[in-house]
Amino acid sequence: MDSKNLRSNMSDQALLNSNSQGISSVPSSRSISSEESGDHKPEIVPVYSERKFTRSQLMTVAILCFVNLINYMDRFTVAGILSDVQCFYGIDDSQGGLIQTVFIIAYMVFAPIFGYMGDRYSRRLIMAVGVAFWTVAALVSSFIPQEHFYWFLIMRCLIGIGEASYSTIAPTIISDLFVDDLRSKMLALFYFAIPVGSGLGYIVGTFPKTTLGAEWQWGLRITPVVGTVATLLIIFMLVDPPRGQAEGSKMEATSYAEDLKSLVKNPSYILSTAGSTAVAFVAGALAWWGPKFIALGKAVHLHDNTVDMGQVSFVFGLLAMIAGITGVPLGSFAGQRLRVRFPRADPLVCAFGLFMSTPLMLGVLLMAGVNTDATFVLAFFGQVFLNLNWAIVADILLYVVVPTRRATAAAFQILISHALGDAGSPYFIGQVSEALKPYFNTSSEILVDANGSLGNSSQLISTPMPPLSGNCSNSTLNLDDYVPLQWSLTMCIIVQMLGGLFFLATAVFLVRDKEKADRTVATANGSVLTTRSLTPEDSSTGCDNPALEKEPIVN
């Protein structure tokens with residue numbers, strides 16, 4: 001098959017079953033003239049309409065986006081109040097990173113289990129139970145006394161289990177409701193909630209303390225309230241369509257072993273998962289340690305260790321939210337537009353985003369101790385480029401994997417990307433920072449180079465600072481933490497570059513793997529693929545899809 005005639009994704013094909021009378025399973029069709037068909041009789045060729053959708057479909061997408069939003073709000077609420085949590089429980093940076101790591105470990109371990117269940121059982125029931133479960137665990141975590149830090153960790157584990165039940169299944173419901181570029185748009189809306197929800201997490205976490213003067217625990221009690229609403233919406237209003245409905249797929253689920261074997265032999269899936277793992281590593285590390293690092297940099301710049309961490313977290317969260325609003329739809333739009341002419345465009349857009357984000361994030365590390373405003377600007381644009389990939393990676397998975405294996409594929413992508421990505425990155429960055437502290441510990445003075453960053457012992461100048469205090473009630477920052485944390489965060493720069501290379505490699509195999517998935521679905525539906533070029537008449541019908549069609553098998 002000529003790759004120039006490939007559609008933007010698997011679902012762009014119009015499925016025509018062998019026992020049909022020329023009418024697609026989707027109620028949209030057009031006529032082909034005798035010149036086009038090579039026959040004297042007009043032929044009806046079904047075309048999926050990406051412009052028609054029902055109110056129940058929109059309601060389902062709205063519910064899924066809402067739950068994904070509060071999912072990530074809860075995930076990063078703790079990051080916004082991390083210094084308060086560390087002070088309350090008396091823990092260091094490595095234990096602070098462990099809070100997020102245990103959550104992600106539980107999340108990734110249970111993701112394959114829910115992925116298996118999501119391909120076979122009621123997705124609405126699984127999600128409802130899961131969301132209710134993490135809602136209760138999130139509320140309980142806010143009441144753990146300071147002498148029982150490990151119970152707090154256990155609650156974070158339980159929250160991870162509950163969220164795994166939702167995250168592995170929700171994208172597959174969208175894929176079963178929509179086709180063509182409309183699917184890409186809906187996925188962009190769904191993954192739009194990741195950076196926006198993360199940004200809201202910082203804001204929600206700090207709001208009770210900074211605005212109302214309440215204890216930090218109240219920041220953890222907001223998402224359980226909206227989580228209860230989400231559970232009710234899932235139970236009573238969510239539509240759970242038949243698997244593969246949008247493509248008219250008649251495929252039956254295969255054995256778990258066959259599913260895994262197929263995924264392992266899919267290089268586009270494997271390489272795009274590796275790329276998303278790199279993104280997860282960087283996003284997890286920056287989301288967890290970014291506010292604290294910028295606050296330390298501001299303290300170094302102002303020679304003041306009483307910088308308001310809550311204010312920095314609020315601004316960081318607000319910028320992260322705006323970066324998500326900008327980056328996610330921008331990446332989805334670029335992919336949809338470019339893939340019309342360049343079928344390998346999706347992974348190339350992801351690679352471009354990572355390569356552009358890398359120097360900006362390096363600038364964040366270098367400028368934090370020099371100019372806080374410039375640091376926020378660099379962090380904003382760095383996150384915009386980093387966010388280009390979220391919807392695209394999900395779309396790649398959906399069109400290189402057949403419908404009956406998508407939940408399993410999503411589950412293992414979550415497992416791999418979190419296991420090697422944001423499950424370990426907060427803890428790893430914290431451990432490296434702790435390991436470096438003896439080499440940069442200067443007691444009552446902070447050592448910075450002439451540019452405020454990354455100096456070595458021969459370049460450092462001594463700058464007297466106010467006495468450091470370990471008293472949490474004074475909300476002081478230990479300025480000795482700045483340089484070790486700065487060096488440890490440079491690991492993100494290396495990982496970003498590797499992620500870009502993985503996406504470039506994905507582009508090599510994408511066309512072949514997409515065509516293979518298309519043919520598998522076509523065979524299951526008793527159809528074969530045929531191709532032809534677009535004619536002027538196609539434009540007049542409003543069909544803006546490349547002309548990949550299906551004809552019935554003639555026995």
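We number each residue from 1, following the sequence as shown.
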Verdict with reasoning, F149 to I91, per side-chain contact (heavy atoms from CB on, under 4.5 Å): CA-CA 9 Å; F149 170 65; I91 57 177; 3.6 Å; yes
Could you walk me through whether T277 and Q413 satisfy the side-chain contact (heavy atoms from CB on, under 4.5 Å) test, starting with their C-alpha distance in whole Å, then the side-chain angles of each, then the deciding distance to 0.1 Å, before giving a yes or no? CA-CA 8 Å; T277 299; Q413 188 171 82; over 6 Å; no
Side chain to side chain, M491 and I429, heavy atoms closer than 4.5 Å: yes
Does I161 reach the side chain of Y107, with side-chain heavy atoms less than 4.5 Å apart? no
With heavy-atom distances below 4.5 Å as the criterion, would you say the side chains of F316 and T375 are in contact? no
Answer yes or no: is there a side-chain heavy-atom contact under 4.5 Å between Q486 and S433? no
So, are D259 and R406 salt-bridged, with charged N and O less than 4.0 Å apart? no
Should the pair D119-R405 be classified as a salt bridge under the 4.0 Å nitrogen-to-oxygen rule? no
Can you name the residues that form a side chain to side chain contact (heavy atoms under 4.5 Å, CB included) with V349, not counting sequence neighbours? A334, L338, I392
Which word best sums up how the rings of F190 and Y166 line up, parallel for under 30°, tilted for 30 to 60°, or perpendicular for over 60°? tilted
Which heavy atom of S272 sits nearest to which heavy atom of I396, and what is that distance? OG-CG2, 4.1 Å
Using 0.5 Å steps for rounding, measure from the OG atom of S175 to the CG atom of L187. 7.5 Å
With a 6.0 Å cut-off (strictly less than), is the heavy-atom count around CZ of F143, excluding the residue itself, greater than 12? yes
F380, CZ atom: more than 12 neighbouring heavy atoms under 6.0 Å: yes
In terms of heavy-atom contacts, does CZ of F376 have more than 12 from other residues, nucleotides or ligands at under 6.0 Å? yes
Would a 4.5 Å heavy-atom cut-off, applied to side chains only, mark M127 and S165 as touching? no
Say whether, by atom type as modelled, one donor and one acceptor occur between the side chain of T326 and the main chain of A323 under 3.5 angstrom. no
For the CD1 atom of I322 and the CD atom of Q383, what is their distance to the nearest 0.5 Å? 10.5 Å
Any sub-3.5 Å donor-acceptor pair from S332's side-chain atoms to P329's backbone N or O? no
Test salt bridge (charged side-chain N to carboxylate O under 4.0 Å, His left out) on E215 and K209 and set out the steps. CA-CA 6 Å; E215 296 295 328; K209 180 179 179 180; over 6 Å; no
Dump the intermediate steps for side-chain contact (heavy atoms from CB on, under 4.5 Å) on L386 and W390, then the final yes or no. CA-CA 8 Å; L386 194 64; W390 289 114; 5.9 Å; no
Establish, from distance only, whether the side-chain atoms of R123 and T172 form a donor-acceptor pair under 3.5 Å. yes
Considering non-hydrogen atoms only, spot the tightest contact between G284 and P426 and give its length. O-CG, 3.9 Å
Test your reading of the model: is there a side-chain donor-acceptor pair from R156 to the backbone of V102, 3.5 Å cut-off? no
Using modelled atom types only, decide if a donor and an acceptor are shared between the side chain of S167 and the backbone of A164 within a distance under 3.5 Å. no
Using only atom types and a distance under 3.5 Å, with no angle test, would you say the side chain of W134 pairs donor to acceptor with the backbone of G160? no
For the residue pair L436 and P484, what are the closest heavy atoms and their distance? CD1-O, 3.7 Å
Taking H301 for its side chain and V370 for its backbone only, find out whether a donor-acceptor pair lies under 3.5 Å. yes
Ring of Y116, cation from R120 - is the NZ or CZ under 6.0 Å from the centre and inside 45° of the axis? yes
For the side chain of W288 and the backbone of F76, is there at least one donor-acceptor N/O pair under 3.5 Å apart? no
At their closest point, which heavy atom of L354 faces which heavy atom of G499, and how far apart are they? CD1-C, 3.4 Å
Minimum heavy-atom distance between L286 and Y202, given as atom pair plus value: O-OH, 4.5 Å
Is the shortest heavy-atom distance from the side chain of Q95 to the side chain of L153 under 4.5 Å? no
Worked verdict on D92 versus K437 for salt bridge (charged side-chain N to carboxylate O under 4.0 Å, His left out): CA-CA 12 Å; D92 59 20; K437 282 180 181 180; over 6 Å; no
Provide the closest heavy-atom pair for G118 versus I126 in the form atom of the first, atom of the second, distance. N-CD1, 4.1 Å
One should read off an interatomic distance between L378 CG and M361 CE, to the nearest 0.5 angstrom, of 9.5 Å
I'd like to check T60 versus Q57 (side-chain heavy atoms, cut-off strictly below 4.5 Å). Are they in contact? no
Step by step, would you call T506 with Y269 a side-chain contact (heavy atoms from CB on, under 4.5 Å)? CA-CA 8 Å; T506 303; Y269 169 73; over 6 Å; no
Measure the spacing between CD1 of I234 and CG of D240 and express it to the nearest 0.5 Å. 11.0 Å
Minimum side-chain heavy-atom gap Y482-F293 below 4.5 Å: yes
OG of S357 to CD of Q496, rounded to nearest 0.5 Å, is 4.0 Å
Quick one: pull up OG in S198 and CG in N71 and give me the separation to the nearest 0.5 Å. 9.0 Å
Passing candidate, side-chain contact (heavy atoms from CB on, under 4.5 Å) with M186, options L177, I174, L64: I174
What do you reckon, are the aromatic ring centroids of F152 and Y89 less than 6.0 Å apart? yes
Can a donor-acceptor pair be found, under 3.5 Å and without considering hydrogens, that links the side chain of Q217 to the backbone of S142? no
